[in-house]
Trainee: 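The structure follows.
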Amino acid sequence: MFDDEYFMKQALQEAQKAFNKNEIPVGAVVVSEQRVIARAHNLTELLNDVTAHAEMQVITSATNVLGGKYLTDCTLYVTVEPCPMCAGALRWAQLSRLVYGASDEKRGYSTISPFLLHPKTTVTKGVMANECSELMQTFFKNIR
């Protein structure tokens, strides 16, 4: 059986893809029954779309795989705490579980609106937080 660290490593691989494309390095995977069913990373620059966050991309991909609009019985692994927009989308998708790496004290949903997620969504934070934070810090250091 795979653990949270295993799946967060998958999300980090997606974040690295974003980093390599000069996108803010956020990666995400959706897991259902111990299997990755969708993976995505930020594409806001490539698509010229402020809503093209990794979470939004992976929600669309996962619901297409499942053939429905809900992510009940699914876990989202994302390298950085979701923003309010993404948390709201995760609420509508009725995500069962959210696991994220690095917290976002400035733009994260828990700072701005901690009740955005669906009431039944459980949250695990801080999984591989150092590795997730490091990638973000390196990205922003390089563009300054």
Trainee: Side chain of Gln94, backbone of His118: donor and acceptor closer than 3.5 Å?
Mentor: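 No, because the side chain of Gln94 does not come within donor-acceptor range (under 3.5 Å) of the backbone of His118.
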
Trainee: How close do Ser32 and Cys74 get, heavy atom to heavy atom, and via which atoms?
Mentor: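 So the minimum-distance heavy-atom pair works out to CB-SG, 3.9 Å.
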
Trainee: When rounded to the nearest 0.5 angstrom, what distance separates CD in Glu81 from CD1 in Ile112?
Mentor: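 Here the interatomic distance stands at 8.5 Å.
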
Trainee: Does anything in residues 1-19 pair up under side-chain hydrogen bond (donor to acceptor under 3.5 Å, both in side chains), and if so which pairs, sequence neighbours excluded?
Mentor: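 Only Asp4-Tyr77, Asp4-Arg97, Gln10-Arg39, Glu14-Lys17, Glu14-His41, Gln16-Asn20 qualify under side-chain hydrogen bond (donor to acceptor under 3.5 Å, both in side chains).
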
Trainee: So which heavy atom on Ala62 is nearest to which on Ala38, and how close?
Mentor: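 For Ala62 and Ala38, the tightest heavy-atom pair comes out as N-CB, 3.6 Å.
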
Trainee: Taking the side chain from Asn42 and the backbone from Ala54, do they hold a donor-acceptor pair closer than 3.5 Å?
Mentor: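 Confirmed, Asn42 side chain pairs with Ala54 backbone.
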
Trainee: Going through the checks in order, is the side chain to side chain contact (heavy atoms under 4.5 Å, CB included) test met by Val31 and Phe2?
Mentor: CA-CA 11 Å; Val31 174; Phe2 301 109; over 6 Å; no

Trainee: State yes or no: do Trp92 and Val123 share one hydrophobic cluster built from I, L, V, M, F, W and Y residues joined by side-chain heavy-atom distances below 4.5 Å, directly or via other members?
Mentor: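 Each belongs to a different hydrophobic cluster.
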
Trainee: Indicate, with yes or no, if Val50 and Leu43 share a hydrophobic cluster defined by side-chain heavy-atom contacts under 4.5 Å among Ile, Leu, Val, Met, Phe, Trp and Tyr.
Mentor: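 No; Val50 is not reachable from Leu43 via cluster members.
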
Trainee: For Leu117, is there any backbone N or O sitting under 3.5 Å from a side-chain donor or acceptor partner on Thr121?
Mentor: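 Absent.
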
Trainee: Backbone N or O of Tyr109 within a donor-acceptor pair of the Ser113 side chain at under 3.5 Å?
Mentor: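 Looks like no, no N/O pair under 3.5 Å.
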
Trainee: Nearest 0.5 Å, please: how far is CG in Leu95 from SG in Cys86?
Mentor: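 Between atom SG of Cys86 and atom CG of Leu95 there are 12.0 Å.
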
Trainee: Does a sphere of radius 6.0 Å around CG in Asn142 hold more than 12 heavy atoms from other residues, nucleotides or ligands, not counting ones at 6.0 Å or beyond?
Mentor: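 Count over threshold, so yes.
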
Trainee: Output yes when a side-chain donor or acceptor of Ser96 lies under 3.5 Å from a complementary backbone atom of Asp73, and no otherwise.
Mentor: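 Checked: pair present.
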
Trainee: Using side-chain heavy atoms (C-beta onward) and a distance below 4.5 Å, is Val58 in contact with Leu76?
Mentor: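 Val58 reaches Leu76 side chain to side chain.
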
Trainee: Do Tyr100 and Phe115 sit in the same hydrophobic cluster, where Ile, Leu, Val, Met, Phe, Trp and Tyr count as joined when their side-chain heavy atoms come under 4.5 Å apart?
Mentor: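 No; Phe115 is not reachable from Tyr100 via cluster members.
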
Trainee: Hey, does the side chain of Thr79 reach the backbone of Gly27 with a donor-acceptor pair shorter than 3.5 angstrom?
Mentor: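 Looks like yes, one N/O pair under 3.5 Å.
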
Trainee: How far does CD of Glu55 sit from SG of Cys83, to the nearest 0.5 angstrom?
Mentor: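 The distance works out to 6.5 Å.
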
Trainee: If I take atom CG from residue Asp104 and atom SG from residue Cys132, how far apart are they, to the nearest 0.5 angstrom?
Mentor: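 Nearest 0.5 Å value for the CG-SG distance: 12.5 Å.
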
Trainee: Would you call Leu98 and Thr122 a side-chain contact if the rule is heavy atoms closer than 4.5 Å?
Mentor: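 Contact flag for Leu98/Thr122 side chains = no.
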
Trainee: Taking Glu105 for its side chain and Thr111 for its backbone only, find out whether a donor-acceptor pair lies under 3.5 Å.
Mentor: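 A pair under 3.5 Å: no.
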
Trainee: So, Thr63 side chain and Thr60 main chain: donor-acceptor pair closer than 3.5 Å or not?
Mentor: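 Here the side-chain-to-backbone pair exists.
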
Trainee: Nearest 0.5 angstrom please: Phe140 CZ to Leu135 CG, how far?
Mentor: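 Those atoms lie 10.5 Å apart.
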
Trainee: So, do Phe7 and Val36 sit near enough that their side-chain heavy atoms are less than 4.5 Å apart?
Mentor: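 Phe7 vs Val36: side chains touch.
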
Trainee: Kindly compute the distance separating NE2 (His53) from OG1 (Thr44), expressed to the nearest 0.5 Å.
Mentor: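 Result: 6.0 Å between the selected atoms.
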
Trainee: Hydrophobic clustering (ILVMFWY, side-chain heavy atoms < 4.5 Å, transitive) - are Phe139 and Val80 grouped together?
Mentor: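 The answer is yes; both residues are in one hydrophobic cluster.
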
Trainee: Does atom CD of Gln34 have more than 12 heavy-atom neighbours, drawn from other residues, nucleotides or ligands, at distances under 6.0 Å?
Mentor: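 More than 12 heavy atoms, drawn from other residues, nucleotides or ligands, come within 6.0 Å of this atom.
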
Trainee: Are Met85 and Met56 close enough, and set up right, to give a side chain to side chain contact (heavy atoms under 4.5 Å, CB included), and what steps lead you there?
Mentor: CA-CA 9 Å; Met85 173 185 69; Met56 302 298 273; 4.0 Å; yes

Trainee: So, Ser61 side chain and Gln57 main chain: donor-acceptor pair closer than 3.5 Å or not?
Mentor: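 Here the side-chain-to-backbone pair does not exist.
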
